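Here the structure is a predicted model, which means the values were calculated and not measured.
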Amino acid sequence: MLDNQDESILYGRLVVYRAEDCHRLTKKVSIIPAIDNGYCGRCQGKILAHWQLPGDDKYCWQCANMGRITTKHCLVTIEEPNDFETIVNPCIWQGKLTYLQQQVSDEQIKALKEGKSHLTYAVTSAGKTEMLFPMLTLAIKQKKRIAIVSPRIDVILELKIRIKTAFNVPFIVLFGGTEDKYQYTQLILATTHQLMKFKQAFDVIVLDEADAFPYENTQMLVTSVYQALKKDGIIFFLTATLNTTLKKMIRRQEVLLSTLPLRFHGQPLPNLSVQRVAKWRKRLPIRVFRQMVHLKKKRIKFLVFVPQVKDVENVINQIQNEKYGLKISGTYAADTTRLEKVQAMRDGRGD
């Protein structure tokens, strides 16, 4: 039998157990077949015929990176009880929203009170995170369980810093390779992949970069978000670019909509120009080096994007071999040290 502390790790979650051990669980637990009628109970994907183990057992390859589950497993859960202590003053942020930001924030609070999903369509650097703070504060006071999620680990790590600074609320951060051990908290930050491990757990889900890869056009991830949402729960979508799915949701009035076309400082977005450069893989233009030197002298952090992963090393070598004394670190999605390099840049370490 699970004691009270152990029970909490099952609240609103899908935890893998061996089927033979399920009889030991408390009567509060609901037991779901890990694989049933040819479908995975965790990711809801169809089990293909060649996902075969010795004997007649099947496994789910589609979500295997979350931990293998087979026909010899079950998924166990306890209905989310919202068993949280009251926090009178959860938000300690001392900042102030602009007039336009406050309008969006008020509309988010209205959506929360009415129990309706909401879409914030705002330009990059509009302050989308800070605009959420009043709504999150109210939701926490109401003892709602909240997940702030994004398809990208980098976004979650950035949000971790800002939420930790703005709220005195315990929370955990979940992503592949996270150092946080799971515990029952009112607030979590996670990648969308991690929501496959939850079932009707959250009253509020904030989906940041709702149009970003790999969430967009990945049905498994879309399903995981709605699987983790309570039946009467709501989603707050945040985006700087509207994709086809979000546009359809607006037309069908499935979400309330707030827009903010200005950044927090009120200045217009820069007008970008595109210039085609031939044979840049052999040698970058001098003006590119000069611009990087200019930014370094002003101590302005900057990123250099390249079209393909194989171009990263080439561009790094070009920059470091020039006479300008520039040093640069390169990374890409599959880089095992990517998170450390990104954090070093945030901390101002290195060049």
When you look at [atom1] of [X], are more than 12 heavy atoms from neighbouring residues, nucleotides or ligands closer to it than 6.0 Å?
X: E85; atom1: CD; result: no
X: N168; atom1: CG; result: yes
X: K181; atom1: NZ; result: no
X: Q52; atom1: CD; result: yes
X: E313; atom1: CD; result: no
X: N65; atom1: CG; result: yes

Check the hydrophobic clustering (I, L, V, M, F, W, Y; side-chain heavy atoms under 4.5 Å; chains of links allowed) and say if [X] and [Y] are grouped together.
X: F202; Y: L14; result: no
X: V76; Y: Y182; result: yes
X: I250; Y: V225; result: yes
X: L295; Y: I316; result: yes
X: V306; Y: V288; result: yes

Polar side-chain atom of [X] near backbone of [Y] as donor-acceptor pair, under 3.5 Å:
X: Y11; Y: D83; result: no
X: Q94; Y: I92; result: yes
X: K58; Y: A49; result: yes
X: Q186; Y: I140; result: yes
X: S224; Y: H193; result: no
X: D180; Y: I172; result: no
X: Q318; Y: R281; result: yes
X: E209; Y: R152; result: no
X: R42; Y: I35; result: no
X: T185; Y: I188; result: no

Quiz item: Are E7 and K28 close enough, and set up right, to give a salt bridge (charged side-chain N to carboxylate O under 4.0 Å, His left out), and what steps lead you there?
Solution: CA-CA 9 Å; E7 275 189 5; K28 294 181 182 179; 3.2 Å; yes
Are side-chain heavy atoms of [X] and [Y] found at a separation under 4.5 Å?
X: L256; Y: S117; result: no
X: L97; Y: F133; result: no
X: V204; Y: I234; result: yes
X: L132; Y: L238; result: yes
X: R290; Y: V293; result: no
X: T239; Y: L119; result: yes
X: T178; Y: Q194; result: no
X: K199; Y: I32; result: yes

Exercise. Look at K230 together with E80 and state whether they make a salt bridge at an N to O cut-off of under 4.0 Å.
Key: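 Answer for the salt bridge query: no.
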Quiz item: For residues 36-116, which residue pairs qualify under disulfide bond (SG atoms under 2.5 Å apart), counting only residues two or more places apart or in two chains?
Solution: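 Of all non-adjacent pairs touching residues 36-116, those that pass disulfide bond (SG atoms under 2.5 Å apart) are C22-C74.
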Quiz item: Would R287 and Q275 satisfy side-chain contact (heavy atoms from CB on, under 4.5 Å), going step by step from the backbone distance to the final call?
Solution: CA-CA 12 Å; R287 61 179 179 272; Q275 297 186 28; 3.3 Å; yes
Quick one: pull up [atom1] in [X] and [atom2] in [Y] and give me the separation to the nearest 0.5 Å.
X: T259; Y: Q103; atom1: OG1; atom2: CD; value: 9.5 Å
X: L303; Y: I328; atom1: CG; atom2: CD1; value: 8.5 Å
X: T192; Y: I205; atom1: OG1; atom2: CD1; value: 10.5 Å
X: L207; Y: L221; atom1: CG; atom2: CG; value: 10.0 Å
X: L25; Y: T77; atom1: CG; atom2: OG1; value: 11.5 Å
X: I163; Y: T129; atom1: CD1; atom2: OG1; value: 7.0 Å

Of the non-hydrogen atoms in [X] and [Y], which two are nearest, and what is the gap between them?
X: M66; Y: K197; result: CE-CE, 3.5 Å
X: K143; Y: T86; result: CE-OG1, 3.0 Å
X: Y226; Y: M249; result: OH-CE, 4.2 Å
X: L75; Y: G41; result: CD1-C, 3.5 Å
X: V16; Y: H73; result: CG1-CD2, 3.6 Å
X: K141; Y: I87; result: CG-O, 3.8 Å

Practice problem: Take K72 and L53, measure what side-chain contact (heavy atoms from CB on, under 4.5 Å) needs, and give me the verdict at the end. | Solution: CA-CA 11 Å; K72 288 185 176 180; L53 293 172; over 6 Å; no
Quiz item: With distance as the sole criterion, is a donor-acceptor pair present between the side chains of Q227 and T223 under 3.5 Å?
Solution: no
Practice problem: Using only heavy-atom distances, determine whether the side chains of S258 and Q108 contain a donor-acceptor pair under 3.5 Å. | Solution: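 No, no side-chain donor-acceptor pair sits under 3.5 Å.
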Practice problem: For the pair Y59 and W51, name the ring-plane relationship: parallel under 30°, tilted 30 to 60°, perpendicular over 60°. | Solution: tilted
Quiz item: Parallel under 30°, tilted from 30 to 60°, perpendicular over 60°: which one fits the rings of F236 and H118?
Solution: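 Answer is tilted, since the angle falls between 30° and 60°.
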Quiz item: Under the salt bridge (Lys or Arg N to Asp or Glu O under 4.0 Å) rule, what pairs show up with a residue in residues 153-166, not counting sequence neighbours?
Solution: E130-R162, D154-R338, E158-R346
Exercise. Apply side-chain contact (heavy atoms from CB on, under 4.5 Å) to L246 and N243, showing your working.
Key: CA-CA 6 Å; L246 294 174; N243 61 13; 3.1 Å; yes
Self-check item: side-chain contact (heavy atoms from CB on, under 4.5 Å) between F175 and L189, worked out
Solution: CA-CA 9 Å; F175 57 88; L189 273 62; over 6 Å; no
